[in-house]
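For clarity, every value in this text was computed on a predicted model and none was experimentally measured. Excluded from the calculations below are hydrogen atoms, water molecules and symmetry mates; all remaining heavy atoms, backbone and side chain alike, are included.
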Amino acid sequence: MFSKIKYKLLFFFLIVGVVPLIVTIYIEYQQVSDTLRQRSFDQLTTVREIKKKKIEEYFVHIRQELDFFSQTTSVIEAMKAFKEAFRAIDSSQLALDGVEERLQAHYQEELLAKIEVHERDTFKLENIIPKNPTTQFLQSQYLIGNKNFFKPHPYHEVHEKYHLTVANFLATYGYYDIFLIDDQTGHIVYSVIKEVDFATSLL
């Protein structure tokens, strides 16, 4: 009888001792887990803020470079000259035979070929090829033309005069491309790289 009571007491004492221990361990685990989780979020927040600051500083730096460059006399003169030359293009006088077909072939090779096969059905060449005759003329000359066979026009003279200056700035500061844009029509009247957006309107 005494033995049974002893074991019962031991059992109850064990329960009384173990249950609080388990509860204490669980609470400690939750607190440590919450602390570690919060510390991880704090670290992520710190990293985010550091990266945010670096990105903002990068764009401020670019803005300063471009503001300085755009205010130079040569760029101001270039912008005026390119706008005038672009607007002076008379598409009726400069119409080129087969230009749209050559542009289609170029777009097919340089643009659509780089698009994933399963996405090509959503792109129709007739919707992508520029309809503006001035755009067609300049793209045919600079995207697929040969400099030796350029059709005479003042635009080429302006390009010859200012291209090296802008291209050197691009190479020095590591930009991918630089546009000069007509602020009234949105046309990209000049591009260093000259891809399919050249001579199109951002509007």
Side-chain angles (χ1 to χ4, degrees), residues 23-83 86 103 106-125 127-132 135 138-139 142-144 158-159 161-203:
V23 171
T24 303
I25 291 174
Y26 176 76
I27 293 173
E28 288 292 330
Y29 170 78
Q30 289 297 324
Q31 289 177 342
V32 171
S33 178
D34 290 343
T35 300
L36 291 175
R37 187 180 298 109
Q38 186 59 47
R39 186 176 297 173
S40 296
F41 279 118
D42 290 343
Q43 288 175 344
L44 288 173
T45 301
T46 301
V47 170
R48 182 194 66 193
E49 291 303 315
I50 291 173
K51 288 189 175 182
K52 174 187 173 185
K53 186 176 180 181
K54 286 185 177 180
I55 291 172
E56 289 174 345
E57 288 175 349
Y58 171 73
F59 281 108
V60 168
H61 181 66
I62 287 178
R63 181 71 178 260
Q64 290 172 343
E65 286 179 354
L66 293 180
D67 279 349
F68 174 77
F69 184 63
S70 65
Q71 293 174 33
T72 60
T73 304
S74 59
V75 172
I76 293 173
E77 291 176 351
M79 187 70 249
K80 292 178 179 177
F82 274 115
K83 281 175 66 173
F86 188 93
L103 282 175
H106 177 79
Y107 274 61
Q108 183 73 45
E109 180 180 343
E110 295 296 324
L111 184 63
L112 295 188
K114 297 176 183 177
I115 297 173
E116 295 293 337
V117 175
H118 64 278
E119 295 180 350
R120 289 181 192 172
D121 292 339
T122 62
F123 292 86
K124 298 183 184 298
L125 272 180
N127 296 334
I128 301 173
I129 298 293
K131 305 302 180 188
N132 184 305
T135 303
L138 286 176
Q139 286 200 358
Y142 287 91
L143 267 63
I144 58 179
V158 173
H159 189 279
K161 181 178 180 180
Y162 294 105
H163 175 68
L164 191 59
T165 300
V166 185
N168 282 339
F169 179 84
L170 177 143
T172 300
Y173 292 97
Y175 293 113
Y176 176 76
D177 199 358
I178 293 177
F179 294 159
L180 296 182
I181 302 168
D182 188 324
D183 58 333
Q184 294 178 328
T185 66
H187 279 104
I188 300 172
V189 296
Y190 168 81
S191 161
V192 177
I193 302 299
K194 311 242 178 1
E195 295 181 318
V196 294
D197 45 14
F198 170 57
T200 62
S201 174
L202 298 181
L203 301 181

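- Considering only heavy atoms from C-beta on, Val196 comes within 4.5 Å of Leu143 through its side chain.
- Formation of a donor-acceptor pair under 3.5 Å by the Lys194 side chain with backbone atoms of Ser191 is found in this model.
- Looking only at atom types and distance, the side chain of His61 has a donor-acceptor partner in the side chain of Glu65 under 3.5 Å away.
- Closest of all the heavy-atom pairs between Ile188 and Asp197 is CD1-O, 3.3 Å.
- The shortest side-chain heavy-atom distance between Gln71 and Val75 does not fall under the 4.5 Å cut-off.
- In this structure, CG in Leu202 is found 10.5 Å from CG in Asp182, a value given to the nearest 0.5 Å.
- Side-chain contact check for Tyr190 versus Phe86: every heavy-atom pair is 4.5 Å or farther apart.
- Judged by distance alone, the side chains of Asp42 and Gln38 do bring a donor and an acceptor atom under 3.5 Å apart.
- Under a 3.5 Å cut-off, the side chain of Asp177 and the backbone N or O of Ile193 do form a donor-acceptor pair.
- Atom CG of Leu180 and atom CZ of Phe82 lie 6.5 Å apart (nearest 0.5 Å).
- Applying the 6.0 Å contact sphere to NZ of Lys54 captures no more than 12 heavy atoms from other residues, nucleotides or ligands.
- Considering all non-hydrogen atoms of both residues, Glu195 and Gln139 come closest at O-NE2, 4.4 Å.
- The aromatic rings of Tyr142 and His159 sit tilted, their planes meeting at an angle between 30° and 60°.
- Counting only heavy atoms from C-beta outward, the side chains of Phe169 and Thr165 never approach each other to under 4.5 Å.
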